[in-house]
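Okay, so here's the structure we're looking at.
Whatever order the structure lists them in is the order used to number ligands and atoms, beginning at 1.
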Amino acid sequence: MEMEGWVSMPKVELHAHLNGSVRDSTLLELARVLGEKGVIVFSDVEHVILKNERSLTEVFRLFDLIHILTTDHKIITRITKEVIEDFASENVVYLELRTTPKKNDSIGMSKRSYLEAVLEGIKAVNTVDVAFRPHNADVSNVKSSSLINDTCNGSTRKEIYVRLLLSIDRRESTEAAMETVKLALEMRDLGVVGIDLSGNPIVGEWMTFFPALKFAREQGLYITLHCGEVPNPKEIQAMLDFLPQRIGHACCFEEEEWKRFKSLNIPLICIIQNIL
Ligand SMILES: CNc1ncnc2c1ncn2[C@@H]1O[C@H](COP(=O)(O)O)[C@@H](O)[C@H]1O
C-alpha cells in the first residue's frame, strides 16, 4: 500500500509515550532556547535529537535529555497538544497516551501538577475534536466545564478518543509508584484508565513496583507492563504470573516464555520499536 493509504487508514495507537512522541522541531526549538540560556550546549545535543538508529542505552539517554527540555508545566501542556494533533493528523482515532508524572520541587512541580498540565494540553487541542472524558464519568466535580473540545463541532471535524495511562518509571521507589497509582485513581473521571510500568529495563526490581501495581489492579485500573525488553527470566515469569491486561515489547522472550505468554492470551503491543 502507498504511504498515503496507510496515513488515511483509521488507526488505534496503544503504545505512545508522551515524551517519546515529541516533534523533532519542538525538541530542537526547546534545545535552542536552553542553549541560549547556557543550560546546555545546543551543538552537543542537536545530533542526539536527530539521530535515527539508537541502542537501548542511547534511547534512555535521549529520554533524559528530552526530560531536561520539557521540564516545565507550560511545555508539558504544549507537547501534549502537539502530540495529540500529530496523531490525529495521521488518522489515529483512538489514542492511549502514557506518561510518567514527574515531581520537581525546584520548579514547584508535583505529580499532580504535571498531570494537570497534561490535561490542559488535551483541552488546548484545536485541530481535532477530542473525546476525552469517559462516557460514564461523573462530571459533577470536574473543574473545567468540559474536557471535550467542542469549539467546532461540525460534522466535517475529525474526532480522536484519548485515554491516559500513568507510567511508573523503573527508577522510582515503592512510595513514588504508589503515589502515581493514587493519582490515577483520583483522576479516573478525567480519562485516566490505567497504569504502565516502563523505564530502563536494566534498572530496578519487579518487587519494588509490585505493591503499587497490585493495589492499582485491586482498584480496577488496567495494567500494562514493559516486559522482556532485555533477557530477565525471573522478571518475565513474575510479570506473566501477574496477568496484566497488556504487555509491551517482549522482544527477549525465550521459546518457553512465548509458549506461556500465548497460552495466557495477553495482548502484545509494540514490538516494532525494538525491531526498527
Ligand atoms: C524503548 N522502549 C521503552 N522501554 C521502556 N520504557 C520506555 C520506552 N520508551 C519510553 N519509555 C518510558 O517513557 C518515558 C518517556 O515518556 P514520559 O516521560 O513518560 O512521557 C521514558 O523516560 C521511559 O520511562
Side-chain angles (χ1 to χ4, degrees), residues 13-23 26-27 30 48-49 51-73 75-84 86-87 95-104 109 111 113-122 162-173 176-177 179-181 183-184 192 194-206 208-209 213 223-232 235-236 239 244 246-253 268-276:
E13 168 57 66
L14 301 179
H15 198 126
H17 295 269
L18 174 60
N19 279 284
S21 312
V22 186
R23 293 175 189 165
T26 298
L27 291 177
L30 297 171
V48 180
I49 292 170
K51 195 172 177 192
N52 266 331
E53 283 172 35
R54 298 183 182 92
S55 66
L56 207 55
T57 309
E58 287 173 319
V59 165
F60 288 99
R61 259 194 237 129
L62 175 64
F63 282 127
D64 287 341
L65 168 64
I66 293 175
H67 291 145
I68 291 171
L69 301 178
T70 63
T71 302
D72 69 49
H73 294 102
I75 297 173
I76 294 301
T77 296
R78 170 182 170 176
I79 62 169
T80 304
K81 172 183 186 289
E82 289 180 356
V83 164
I84 294 171
D86 288 351
F87 277 119
L95 168 65
E96 274 177 19
L97 192 57
R98 53 185 82 194
T99 194
T100 320
K102 296 167 187 73
K103 184 170 150 55
N104 184 343
M109 178 181 277
K111 286 188 180 222
S113 70
Y114 176 95
L115 186 55
E116 283 167 355
V118 170
L119 296 170
E120 280 303 311
I122 295 173
V162 179
R163 297 293 180 264
L164 288 175
L165 302 176
L166 301 195
S167 302
I168 295 167
D169 187 316
R170 297 182 60 112
R171 288 176 290 197
E172 292 186 288
S173 63
E179 190 185 341
T180 297
V181 171
L183 184 61
V192 177
I195 294 289
D196 161 53
L197 176 65
S198 55
N200 192 333
I202 60 169
V203 174
E205 298 285 333
W206 166 250
T208 306
F209 317 111
L213 293 166
I223 309 290
T224 175
L225 302 174
H226 283 60
C227 175
E229 245 185 308
V230 293
N232 185 344
E235 182 175 280
I236 292 169
M239 285 185 170
R246 292 190 187 135
I247 269 182
H249 301 284
C251 40
C252 294
F253 276 16
L268 173 62
I269 51 175
C270 196
I271 39 174
I272 228 117
Q273 206 179 3
N274 300 85
I275 295 167
L276 295 175

Polar contact flag for [X] and ligand 1 (N/O pairs, less than 3.5 Å):
X	value
His17	yes
Ser167	no
Arg171	no
Gly199	yes

Heavy-atom side-chain contact between [X] and [Y] under 4.5 Å:
X	Y	value
Glu229	Leu56	yes
Thr224	Pro244	no
Leu197	His226	no

* Asked: For Lys102, what residues pass the salt bridge (charged side-chain N to carboxylate O under 4.0 Å, His left out) criterion, not counting sequence neighbours?
  ->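 By the salt bridge (charged side-chain N to carboxylate O under 4.0 Å, His left out) rule, Lys102 matches no residue at all.
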
* Asked: Can you list the residues that meet the salt bridge (charged side-chain N to carboxylate O under 4.0 Å, His left out) rule with Glu13, with sequence neighbours excluded?
  ->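 Glu13 satisfies salt bridge (charged side-chain N to carboxylate O under 4.0 Å, His left out) with no residue once adjacent residues are dropped.
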
* Arg170/Asn200 under side chain to side chain contact (heavy atoms under 4.5 Å, CB included): CA gap, chis, key distance, verdict -> CA-CA 7 Å; Arg170 297 182 60 112; Asn200 192 333; 6.0 Å; no

Near [X], which atoms of ligand 1 are under 4.0 Å from a heavy atom of that residue?
X	answer
Leu18	20 (O)
Thr99	17 (P), 19 (O), 20 (O)
Asn19	15 (C), 16 (O), 17 (P), 18 (O), 20 (O)

* Asked: What part of Arg170, side chain from CB on, backbone N/CA/C/O, both or neither, has a heavy atom under 4.0 Å from ligand 1?
  ->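 The answer is neither; Arg170 stays 4.0 Å or more away.
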
* Asked: Is Asp169 touching ligand 1 with its side chain, its backbone, both, or neither, if touching means heavy atoms under 4.0 Å apart?
  ->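 The answer is the side chain.
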
* Option from Thr80, Asp86, Ile79 for which side chain to side chain contact (heavy atoms under 4.5 Å, CB included) with Val22 holds ->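 It is Ile79, the one option of Thr80, Asp86, Ile79 that forms the side chain to side chain contact (heavy atoms under 4.5 Å, CB included) with Val22.
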
